[in-house]
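Report on the following structure.
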Amino acid sequence: ARRVAGLLAGKVDLTLTRYTNDYYPTLGDRSAMANALSTSRFVSIHINASNGTSASGAESYYYKGTTSVQLAQAIQQRLTGYAGMRDRGVHFANYAVIRGTQAPAVLAELGFLSNVSDRAKLADPAYQARYAQAIADGILATL
């Protein structure tokens, strides 16, 4: 998230929910913060996990609205292209953090910690830069 913020600095106004500390706002608090700031885009960045080790790849979720779908598609396309992640697709989901946000909102899953290949990419600074660029470019593509 900090890398994404660095790439977007000076291009858009942005706020991170946990920029300087490890404060963990509730899902409702995150949506409320985004709504109070009248954000134009909301992206919640996650890393997936599974009981099995074969699950792999990136996936993006939206709750409502054409712009949310477009944002999810833009981020997903870049995650799979820039970082070479398996494309698990763009899906509707009734997740609280995106459901409660008034702005176009996406929850992006960057890969699976439970998968050896995904985990290696997630831990690699070069791939972290690719993930950040993918998310930043996906946001900018939909403004």
Side-chain angles (χ1 to χ4, degrees), residues 1-50 54-143:
R2 289 182 191 140
R3 285 180 184 232
V4 173
L7 292 167
L8 294 174
K11 297 176 184 170
V12 299
D13 290 332
L14 60 98
T15 300
L16 298 177
T17 59
R18 291 188 285 165
Y19 188 74
T20 58
N21 59 36
D22 213 13
Y23 163 70
Y24 191 82
T26 68
L27 300 176
D29 287 346
R30 295 173 204 192
S31 296
M33 180 187 299
N35 295 339
L37 294 169
S38 299
T39 59
S40 65
R41 300 289 184 276
F42 179 89
V43 178
S44 187
I45 302 170
H46 295 255
I47 299 172
N48 220 334
S50 174
S54 63
S56 68
E59 55 196 340
S60 297
Y61 296 93
Y62 67 92
Y63 177 69
K64 65 178 183 250
T66 303
T67 307
S68 290
V69 174
Q70 292 169 344
L71 178 61
Q73 290 170 336
I75 291 171
Q76 182 68 18
Q77 177 186 31
R78 287 159 178 82
L79 285 173
T80 58
Y82 294 11
M85 298 302 295
R86 177 175 164 247
D87 188 354
R88 293 177 60 90
V90 170
H91 310 281
F92 167 85
N94 190 14
Y95 295 146
V97 72
I98 54 177
R99 180 183 64 235
T101 304
Q102 294 167 354
V106 169
L107 186 147
E109 293 279 5
L110 306 185
F112 284 77
L113 281 177
S114 49
N115 179 277
V116 172
S117 177
D118 282 9
R119 185 173 56 247
K121 287 181 178 180
L122 291 162
D124 182 333
Y127 274 95
Q128 292 169 9
R130 291 180 188 191
Y131 290 117
Q133 192 69 60
I135 294 167
D137 287 353
I139 292 168
L140 293 173
T142 64
L143 294 178

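In what follows, every heavy atom counts, from backbone to side chain, and hydrogens, waters and symmetry copies are set aside.
For the pair S60 (side chain) and A108 (backbone), a donor-acceptor distance under 3.5 Å is absent. Put simply, the side chain of R86 gets close to the backbone of S56: a donor and an acceptor are under 3.5 Å apart. Without hydrogens or angle criteria, R30 side chain to P25 main chain gives a donor-acceptor distance under 3.5 Å.
The minimum heavy-atom distance between A5 and L14, with the atom names listed, is CB-CD1, 3.6 Å. Residues I98 and A93 come closest through the heavy atom pair CD1-O, 3.9 Å. The minimum heavy-atom distance linking A123 with P125 is given by the pair O-CD, 3.5 Å. Between P104 and S40, the shortest heavy-atom distance links the atoms CD-O, 3.3 Å. Closest non-hydrogen pair, G100 versus N35, comes out as O-ND2, 2.9 Å. In plain terms, the two heavy atoms of A1 and I45 that are nearest each other are CA-CD1, 4.0 Å.
The environment of CG in D13 is sparse: at most 12 heavy-atom neighbours from other residues, nucleotides or ligands sit within 6.0 Å.
Side-chain contact check for V12 versus L140: some heavy-atom pair is nearer than 4.5 Å. Using a 4.5 Å cut-off on side-chain heavy atoms (C-beta onward), L122 and Y131 make contact. A 4.5 Å side-chain heavy-atom check between T67 and R41 finds at least one atom pair inside the cut-off. With a 4.5 Å cut-off on side-chain heavy atoms, I139 and L71 count as touching.
Interatomic distance, Y61 OH to H46 NE2, rounded to the nearest 0.5 Å: 10.5 Å. Between E59 atom CD and M85 atom CE the span is 10.0 Å, to the nearest 0.5 Å. Atom CG of L8 is separated from atom CG of D137 by 8.5 Å, given to the nearest 0.5 angstrom. To the nearest 0.5 Å, the span separating CG on L110 from OH on Y127 amounts to 14.0 Å. Rounding to the nearest 0.5 Å places OG1 of T15 at 11.0 Å from CZ of F42. Between K64 atom NZ and R99 atom CZ the span is 9.5 Å, to the nearest 0.5 Å.
A side-chain hydrogen bond (donor to acceptor under 3.5 Å, both in side chains) check over residues 101-121, counting only residues at least two apart or in different chains, returns the pairs S31-T101.
For Y63 and F92, the ring centers sit closer than 6.0 Å to each other.
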